[in-house]
Protein chains: 2
Amino acid sequence: MKEKTPATSKGPRPSPTRSGGRRAVTVTDIANAIGVSRATVSLVLRNSPLVHVETRARVEAELRRQRYVYNRGAANLRRQTSNSVALVINDLSNPFFAEFAAGVDEALGSKGFVTLLGSTGESPERQHAVLSTLMEHTPAGLILSPAEGSESAQVTQVLGEHANVLLFNRELGGVEWDFLALDNQRGAAMATHHLIGLGHTRIAFFGGHAESSSCRQRRAGFAQAMEEAGLTVEPQWLIESAPNRLEAAACTGALFTQAQSPTAAVCYNDTVALGLMLGLTSRGIQPGRDFAVTGFDDISEAAVSSPSLTTLAVNPRERGRQAAELLLHRLSHPDAAVERLTAPVELRIRQSSGGTRR
Amino acid sequence: MKEKTPATSKGPRPSPTRSGGRRAVTVTDIANAIGVSRATVSLVLRNSPLVHVETRARVEAELRRQRYVYNRGAANLRRQTSNSVALVINDLSNPFFAEFAAGVDEALGSKGFVTLLGSTGESPERQHAVLSTLMEHTPAGLILSPAEGSESAQVTQVLGEHANVLLFNRELGGVEWDFLALDNQRGAAMATHHLIGLGHTRIAFFGGHAESSSCRQRRAGFAQAMEEAGLTVEPQWLIESAPNRLEAAACTGALFTQAQSPTAAVCYNDTVALGLMLGLTSRGIQPGRDFAVTGFDDISEAAVSSPSLTTLAVNPRERGRQAAELLLHRLSHPDAAVERLTAPVELRIRQSSGGTRR
DNA sequence: CTGAAAGCGCTTACAG
DNA sequence: CTGAAAGCGCTTACAG
């Protein structure tokens with residue numbers, strides 16, 4: 001007769017995990033209650049065909065009766081596995097990333113994984129702290145949208161070289177991790193082609209930080225389309241601005257310093273485009289009539305601004321699902337070649353790209 | 001001399017948890033490397049003052065050298081504690097909830113907790129599945145923004161009566177859990193007072209599902225303000241609509257079926273208000289000039305619509321922090337009285353509430 | 001088909 | 001101040 005009381009039952013314990021103080025029901029409780037071994041209960045839980053159908057029924061009944069809750073942490077520890085995936089987002093309050101996160105969680109959940117969330121607010125320091133904490137929970141893999149200014153050395157230091165990582169949206173130099181990004185270059189090229197097709201020849205690229213990889217790629221697409229059409233990119237019409245509405249509006253004047261002004265602008269993103277439209281309007285230039293504007297992202301405001309904004313839809317939720325699937329694939333194929341994927345974007349033509357073309 | 005190789009080292013194992021196949025470094029590795037016991041290493045990890053300063057230094061050096069990563073799951077199992085909190089959101093793609101989630105994660109992270117994310121897409125079935133999965137990870141507590149149509153019986157069944165739960169935004173009948181919501185009633189009353197102060201007397205309440213608790217509360221605030229001003233609520237000006245732009249726009253006509261029409265509307269939320277403004281415009285009625293409109297939420301579009309939308313700011317990120325703090329407080333005070341908190345909202349006056357008042 | 005035993009990585013009285 | 005031992009809740013060869 002073995003004593004079932006835990007050795008320490010006399011002293012006070014740290015507050016237990018589950019629900020308001022009750023001790024959790026364990027496989028031992030179930031096994032004892034119906035006189036089978038813990039192994040048998042475990043086999044039932046894991047759906048093993050080894051256990052007799054009638055024994056299984058008795059176990060299952062008792063499981064329900066005692067409202068047993070599986071302790072996946074304990075199981076994972078024993079089995080040396082994990083069913084969690086860490087998702088680290090630079091800015092969850094950005095609808096683009098929020099949608100992305102929703103897609104990730106949806107796809108992960110449907111495969112029985114649980115999402116460990118971390119958000120960094122674009123701070124490399126916070127990112128470091130968040131990653132360290134999350135790694136202590138032994139996630140099977142990690143989906144990381146790096147904070148602006150992340151150093152790959154710092155990131156690999158905390159993650160280890162060989163972790164199962166999927167990078168989203170921003171590259172990190174010198175690591176061999178899977179990478180998923182938007183097709184920034186093609187998107188910007190599509191917007192540029194669209195404007196050219198409308199008859200514009202003097203086109204600016206407006207907004208964004210030139211150093212950021214997404215801005216570089218979008219500028220490259222812009223330049224490519226211009227070149228294909230035999231048009232010249234005027235260096236003074238490559239205008240930088242912080243990616244927010246106010247700064248963008250304030251930079252509007254930079255478009256009109258020459259005798260010859262552009263008649264259209266491909267903007268770094270929707271926010272910048274919205275800012276530019278504000279800036280144009282306040283100068284008496286009506287966007288969509290006197291000047292054509294395109295954005296990037298298709299944020300929800302794009303459809304309802306006036307004029308509505310021609311832009312590139314990026315389908316962030318679908319990107320989230322895709323990211324989850326790529327990571328899950330990596331988990332089961334640790335030795336497959338590194339993936340570098342670029343997701344298609346779709347041109348949405350609206351009113352803002354109307355306008356005069358001379 | 002004890003054999004250090006795991007008993008099962010011969011057979012193939014399920015793919016191990018950490019980074020690309022390498023076995024994780026454990027306290028045993030550290031202890032063996034420098035010839036101390038695992039207990040000592042553990043004491044160092046937990047910052048116990050018991051261990052000699054020099055021993056501590058040696059242990060810490062070795063920890064770094066071997067890039068040891070603490071296994072919090074194992075520690076939590078042994079200590080019968082948890083440092084995770086589950087966050088279940090009905091709709092993460094709604095910016096309001098995304099901001100809320102960001103706030104929760106921020107506050108939780110700063111207290112050393114990790115966020116287990118679940119999103120339900122407003123489906124009670126998915127919510128049930130998500131909750132079951134998350135509970136297997138023994139979260140210390142749960143922040144739940146219930147899906148529309150959640151049954152409290154189903155929820156308590158999976159969570160247990162006594163779990164540490166904080167309900168956000170939507171009530172669940174017959175449970176004794178902490179609850180945090182916006183001050184819907186006062187918010188709607190503020191909007192109504194604002195319109196009355198501008199001289200309006202014929203005011204409608206527009207949009208939302210009358211059964212939803214938030215709509216009921218907002219209608220109550222509207223009615224209260226009207227009554228305080230000695231104005232009558234016309235039942236035919238209590239107009240329902242699904243909370244999306246299109247449906248709202250389609251319901252515009254319902255305001256103008258009588259000889260006497262309202263001159264202003266308090267809308268259920270911003271989305272509905274934006275829809276109504278669309279509907280008004282297409283009837284040749286200019287919102288903010290011919291008809292006054294207010295919203296609720298202060299979504300980012302509110303500031304940039306034309307006219308810009310007078311609305312109630314709800315500060316979802318701050319609500320998230322607050323929710324996290326309430327839950328953490330509950331964890332340390334399991335027997336404190338149930339909290340029912342109502343968060344202040346703030347009137348933001350913009351152009352849409354201008355307009356004629358007769 | 002079922003049970004006894006060992007072990008996942010950690011922590012914590014308890015001795016020394 | 002340090003070590004040996006037991007145990008958290010689970011799983012898995014291994015015998016029977």
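Chain A is the first sequence line, chain B the second, and so forth, proteins listed ahead of strands; every chain is numbered from 1. Because the structure is predicted, anything quoted here is derived from the model rather than measured.
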The nucleotide from C:dC1, C:dT11, D:dC10 with an atom nearest the side chain of A:Thr55 is C:dC1
Looking at every strand, decide which applies to A:Ser42 at a 4.0 Å heavy-atom threshold: base, sugar-phosphate, or nothing. base
Side chain B:Glu339, main chain B:Asp178, donor-acceptor under 3.5 Å: no
Integer-rounded Å distance: C:dG7 C1' and B:Leu77 CG: 12 Å
Could you check whether A:Thr26 gets within reach of a base, just the sugar-phosphate, or nothing at all, counting any heavy atom under 4.0 Å? sugar-phosphate
Once you apply a heavy-atom cut-off of 4.0 Å, does A:Ala39 come out as touching a base, just sugar-phosphate, or nothing? base
Of the nucleotides D:dT2, D:dA4, D:dG7, which has the atom closest to the B:Arg78 side chain? D:dG7
Between B:Arg46 (CZ) and C:dC10 (C1'), how many Å, whole number? 10 Å
Could you check B:Arg58, B:Arg65, B:Arg64 and say which one makes a side-chain hydrogen bond (donor to acceptor under 3.5 Å, both in side chains) with B:Glu62? B:Arg65
Assigned partner base of D:dA4, Watson-Crick or wobble definition, under 3.5 Å: none
Roughly how many Å is it from CG in B:Asn32 to P in D:dG3, rounded to a whole number? 11 Å
Nearest of D:dG3, C:dG3, D:dT2 to any side-chain atom of B:Val36? D:dG3
Can you classify the ring geometry of B:Phe168 versus B:Phe100 as parallel (below 30°), tilted (30 to 60°) or perpendicular (above 60°)? parallel
How many Å lie between NE2 on A:His137 and P on C:dC8, as a whole number? 21 Å
Nearest nucleotide by nearest heavy atom, which residue falls closer to the 5' end of DNA chain D, B:Arg56 or B:Ala74? B:Arg56
Could you check how far CG of A:Asn76 sits from C1' of D:dC10, rounded to whole Å? 10 Å
Distance alone, cut at 3.5 Å: any donor-acceptor contact between the side chains of B:Ser145 and B:Asn169? no
A:Thr120 side chain to A:Ser123 side chain, donor-acceptor N/O pair below 3.5 angstrom: no
Gap between atoms OH and C1', on B:Tyr68 and C:dG9 respectively (whole Å): 7 Å
Please name the nucleotide paired to D:dA13 by Watson-Crick or G-U wobble geometry with both distances under 3.5 Å, or report none. none
Taking OP1 and OP2 of C:dT12, is either one under 4.0 Å from a side-chain nitrogen or oxygen of B:Arg79? yes
Looking at A:Thr28, I'd like to know whether one of its side-chain N or O atoms comes within less than 4.0 Å of OP1 or OP2 on D:dC10. no
Given C:dC10, D:dG3, D:dG9, identify the nucleotide with an atom nearest to the side chain of B:Ser37. D:dG3
Can you measure A:Arg38 atom CZ to C:dA6 atom P for me and round it to whole angstrom units? 12 Å
When rounded to whole Å, the CD to P distance for the pair A:Gln80 and C:dA6 reads 19 Å
